[in-house]
Asks: 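Pasting a structure here, questions to come.
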Amino acid sequence: MLYPMGRKRNNQVFSRWEQILITLSDKAFFTVVRNYLGDIKTPFNKHDLISRMVSFFLKAEIMETIALSIDSRDAELLMLVHLLPSPKEEELFQFFESERSYLDIHHHLLNLEERLLIYITQNPDEPEINETPLTEQLIREGIIGINTLFTTLPVPYKARPHPWLNDALLLALVSFFRGNRDICKGNGRISKKGYAKILNVFPQLGKETPLGRRLDLAVSLLFSSRLCRFGQSGFYCDSGAWLSLADMTGKRVWPYLWAHIVVNVLNREPDYLEICSIAETLFSILAFFPGDRGITTNTLERGVAFACIRKGLLKETQQGILHTLLALELFVPSEDQPEMLVKHPELFREEGVHRKKPLLQANFDISLPHDVSMREGLFVALAGEIRKYDQVSIYELKKESVKRYLSEGFTLEDLKNRFESLLGNMIPQNILFTLNRWQQEYDSVRVYQGTVIKVTGEAEHLVEHSPGIRQWLVAKLAPGVFLFDPKEENKWRKTLEKAGVAVPDLKEAEREDPSSPNMSVLIPDFSSEATVLTGETTAELLKSGFPGLPRRLHSWEEHAKRMISIVESMAVPEADQEELKARINKRLILTEEQLKHRNTPSGTKEAKGLDYIGKIRLIEQTLDKSQDLLEVIQRTADGSPEKLLLKPEDMIKRNDELYVTGYKLPEQGMIELKVRKLNLVRKLKRSLFAP
């Protein structure tokens with residue numbers, strides 16, 4: 001049962017109501033008062049009327065009747081207004097777009113405004129919709145709950161393999177591409193034979209998703225994030241970027257990587273700020289839905305729409321996020337209830353907890369389980385070569401892959417320590433012996449990378465003997481041929497110039513980009529509690545376990561039927577009876593007391609048929625008030641009626657015909673309609689008490 005609030009809260013509520021009601025125009029204010037309180041006796045005091053209005057709404061029986069009048073559609077719209085910060089009408093339509101028409105939502109908002117469950121404030125850009133103390137109390141008392149928007153059901157936990165795009169797959173791909181740098185064509189794209197070679201090792205990547213083949217999504221992700229690139233000598237993976245990636249948690253890394261897929265499927269160039277915004281939205285959606293609750297596809301669509309509206313993302317981005325969540329199987333059908341989706345139970349699984357143990361066998365094979373983390377398995381991908389990718393992936397330690405590992409600055413001691421840490425035991429002796437032999441072979445040949453300077457005559461003597469130059473000298477390759485560290489070019493150039501050796505500028509050479517993206521700097525931390533969906537208000541509601549509309553002892557239909565029977569017994573004209581019945585059905589009349597005073601809107605609100613002058617007048621009235629809209633019906637080419645919602649801009653005369661121009665809602669496209677061809681013109685107010 002709903003009870004009146006205490007005196008302290010009454011003061012707060014009075015202040016809120018006063019703020020809302022005092023801003024209404026006199027016409028709207030007195031219409032509200034007459035609807036709920038009856039005729040106003042003069043002289044009157046406006047603040048006294050506000051006080052009487054507040055007292056009316058604080059009555060327990062009135063709040064009970066208002067609660068009774070809330071249906072599921074009311075609850076959905078009111079909860080959305082509560083969760084979004086002063087939303088605009090277009091944002092509410094974006095949320096319900098796949099379910100309700102723009103005109104339906106517009107009419108519904110007008111009705112809620114008439115019932116004082118919402119109020120609309122005008123701003124320079126567009127009206128904003130706000131909740132009133134009535135809605136606040138309905139939410140506080142649990143009459144309206146978050147489950148009205150996001151329906152969930154409990155589902156049992158069922159273990160599953162990791163999502164197909166996971167740490168283990170990225171590790172296997174980086175290993176594959178490091179060992180197959182020649183699978184690209186001259187234009188930098190992977191050849192048809194190259195794709196066939198990949199699918200031979202990764203047959204699962206040939207599976208189709210709503211966004212295309214898994215393989216194409218994975219490869220596009222690697223390039224878009226610059227984890228892999230095409231260079232002068234072929235396809236290569238940036239070990240520096242991978243190392244910085246492995247130092248971060250999955251909760252931080254994966255939303256950023258998924259965001260690249262969203263942008264790729266939208267055929268847009270990666271933009272850092274957009275990537276981060278999409279990544280935060282993705283994390284928020286996953287954080288919002290509990291892992292032990294099942295949701296419908298419609299609920300998932302709503303969650304995505306809500307997150308995108310809060311983040312200000314475009315509608316096409318919203319669709320890209322939804323399709324990516326499904327294509328990557330971040331939400332999967334429940335095994336017990338296939339019509340329900342559940343958040344994948346293995347998302348962001350704790351590191352080091354494996355169903356199968358990693359193994360290094362005496363034949364140089366390394367078995368990595370599917371749930372290996374990036375941090376644990378990266379050194380295997382860098383030092384080994386993938387042979388088979390499955391629930392347990394098989395890598396092989398080969399001379400070429402180990403030498404490649406050593407060439408990137410890693411040491412054999414580092415490799416041994418990492419193997420022992422992962423395996424929890426000693427490395428087989430035959431493998432240790434072979435690794436040491438490969439190390440000796442690697443050390444017997446030296447490859448330098450740097451800037452070569454060739455000098456003759458006096459310049460050779462100056463380079464070799466001038467103080468300060470030796471610290472930048474990597475090696476003397478031959479008489480007069482010196483190798484310098486390119487990273488210290490500014491320093492050794494200045495030192496040589498001081499010694500009297502002027503070094504000409506190098507010509508720009510075609511080479512691989514040596515810079516590694518610092519992933520720890522690029523990727524923001526999305527794993528904090530301050531997410532898009534779980535703000536303070538929403539978090540409090542979530543704690544209640546997704547409450548829904550409570551079971552009612554009586555229905556509004558029963559209440560309305562009783563009120564209508566009273567109207568039918570009243571000795572009033574039939575037209576007044578029909579008006580009162582309509583206002584009961586619109587939930588504007590709550591009590592028998594309201595039936596004693598009849599407040600029917602006056603003035604013509606629509607013109608139809610042959611009433612050409614009436615249509616013109618309504619259009620002119622709407623043009624005079626910038627917030628009013630027009631609902632029109634015209635005949636299409638095949639004779640069928642077409643209903644349009646129009647924000648009129650002008651009425652023009654051309655060739656003795658009048659045309660109304662304006663923006664068609666919700667598409668916002670400009671259209672022009674011949675007034676004479678309109679079967680009906682109806683004026684809709686964005687202010688209180690539209691018809």
Side-chain angles (χ1 to χ4, degrees), residues 13 16-37 49-50 53-54 56-57 62-63 65-67 69-71 73-93 95-96 100-123 126-139 143-144 556 579 582-590 594 599-603 605 622 625-631 645 647 665-666 682-691:
V13 170
R16 285 270 289 120
W17 272 121
E18 183 178 43
Q19 181 185 11
I20 294 169
L21 295 173
I22 204 72
T23 59
L24 298 179
S25 67
D26 283 348
K27 181 180 179 181
F29 174 80
F30 289 120
T31 305
V32 169
V33 173
R34 289 190 180 98
N35 180 68
Y36 287 107
L37 302 182
L49 292 175
I50 291 175
M53 282 287 295
V54 176
F56 175 82
F57 286 124
I62 297 301
M63 280 304 303
T65 307
I66 291 173
S69 74
I70 302 296
D71 62 19
R73 281 163 56 92
D74 292 337
E76 286 183 343
L77 209 46
L78 291 172
M79 177 53 73
L80 186 57
V81 170
H82 175 77
L83 294 177
L84 291 173
S86 299
K88 297 177 175 59
E89 192 169 326
E90 285 70 21
E91 292 175 332
L92 302 181
F93 173 67
F95 183 89
F96 289 110
R100 301 176 62 179
S101 71
Y102 191 96
L103 192 59
D104 178 35
I105 290 174
H106 178 79
H107 281 308
H108 198 166
L109 289 173
L110 291 174
N111 177 250
L112 294 176
E113 187 182 19
E114 291 173 338
R115 293 155 66 186
L116 285 184
L117 291 166
I118 62 171
Y119 70 99
I120 297 177
T121 57
Q122 305 301 320
N123 64 32
E126 196 171 359
E128 293 179 340
I129 302 163
N130 303 276
E131 61 185 348
T132 69
L134 289 178
T135 299
E136 292 169 0
Q137 185 172 356
L138 290 169
I139 291 172
I143 302 302
I144 300 173
W556 170 260
E579 174 67 22
R583 292 171 73 79
I584 290 170
N585 289 329
K586 289 178 70 175
R587 295 166 167 80
L588 290 170
I589 294 180
L590 305 174
Q594 287 177 271
N599 177 35
T600 59
S602 59
K605 306 299 181 185
T622 306
K625 296 182 178 180
S626 61
Q627 297 305 323
D628 287 357
L629 304 176
L630 283 177
E631 180 185 351
L645 186 62
K647 184 178 181 181
L665 299 174
R682 178 180 291 129
K683 183 172 66 172
L684 301 178
K685 289 180 176 290
R686 291 197 181 203
S687 57
L688 288 176
F689 291 93

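All values below were derived from every heavy atom in this structure, side-chain atoms included, with hydrogens, water molecules and symmetry-related copies excluded. Numbers for residues simply follow the sequence, beginning at 1.
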Asks: Any non-hydrogen side-chain atom of Leu588 less than 4.5 Å from a side-chain atom of Arg115?
Replies: yes

Asks: Is there a side-chain contact between Met63 and Leu134, using heavy atoms and a 4.5 Å cut-off?
Replies: yes

Asks: Testing the basics here: between Ser101 and Phe93, what is the closest heavy-atom pair and its distance to 0.1 Å?
Replies: C-CE1, 3.8 Å

Asks: State the CG-CD1 distance between Asp74 and Ile143, to the nearest 0.5 angstrom.
Replies: 13.0 Å

Asks: Under a 4.5 Å cut-off applied to non-hydrogen side-chain atoms, are Gln137 and Ile66 in contact?
Replies: no

Asks: If you look at every heavy atom in Pro133 and Arg16, which pair is closest and at what distance?
Replies: CG-CB, 3.8 Å

Asks: Measuring from Leu117:CG to Leu109:CG, what's the distance to the nearest 0.5 Å?
Replies: 11.5 Å

Asks: Indicate the atoms forming the closest heavy-atom contact of Pro127 with Ile120, along with that distance.
Replies: CB-CG2, 3.5 Å

Asks: List the atom of Asn130, the atom of Ser86, and the distance in Å for their closest heavy-atom pair.
Replies: OD1-OG, 2.7 Å

Asks: Measuring only between side-chain heavy atoms, which start at C-beta, is Glu131 closer than 4.5 Å to Ile139?
Replies: yes

Asks: Using 0.5 Å steps for rounding, measure from the CD atom of Gln594 to the CG atom of Leu37.
Replies: 8.5 Å

Asks: Is there a side-chain contact between Arg73 and Leu77 (heavy atoms, below 4.5 Å)?
Replies: no

Asks: Under the side-chain hydrogen bond (donor to acceptor under 3.5 Å, both in side chains) test against His108, which residue among Glu113, Arg100, Glu76 passes?
Replies: Arg100

Asks: Looking at every non-hydrogen atom in both residues, tell me the closest pair between His106 and Leu629 and how far apart they are.
Replies: CE1-CD1, 3.1 Å

Asks: Quick check: closest heavy atoms across Leu21 and Leu116, and the distance to 0.1 Å?
Replies: CD2-CD1, 4.5 Å

Asks: Take Arg583 and Asn35 through the side-chain contact (heavy atoms from CB on, under 4.5 Å) test and state the conclusion after the steps.
Replies: CA-CA 10 Å; Arg583 292 171 73 79; Asn35 180 68; 2.7 Å; yes

Asks: Show your working on side-chain contact (heavy atoms from CB on, under 4.5 Å) between Trp556 and Thr65 and close with a plain yes or no.
Replies: CA-CA 8 Å; Trp556 170 260; Thr65 307; 4.1 Å; yes

Asks: Please check if the side chain of Thr622 supplies one atom and the backbone of Lys683 the other of a donor-acceptor pair under 3.5 Å.
Replies: no

Asks: Within the 4.5 Å heavy-atom criterion, are Met53 and Val33 side-chain neighbours or not?
Replies: yes

Asks: With a 4.5 Å cut-off on side-chain heavy atoms, are Phe95 and Leu84 touching?
Replies: no

Asks: Evaluate the ring planes of Tyr36 and Phe56, with Trp represented by its six-membered ring, and classify them as parallel (under 30°), tilted (30 to 60°) or perpendicular (over 60°).
Replies: tilted

Asks: I want to check something: taking the side chain as every heavy atom from C-beta on, are His82 and Ile144 in contact at a cut-off of under 4.5 Å?
Replies: no

Asks: Quick one: salt bridge (charged side-chain N to carboxylate O under 4.0 Å, His left out) partners of Glu631, sequence neighbours excluded?
Replies: Lys643, Arg682

Asks: Test side-chain contact (heavy atoms from CB on, under 4.5 Å) on Phe29 and Ile50 and set out the steps.
Replies: CA-CA 9 Å; Phe29 174 80; Ile50 291 175; 3.7 Å; yes

Asks: Apply side-chain contact (heavy atoms from CB on, under 4.5 Å) to Thr135 and Val81, showing your working.
Replies: CA-CA 10 Å; Thr135 299; Val81 170; over 6 Å; no

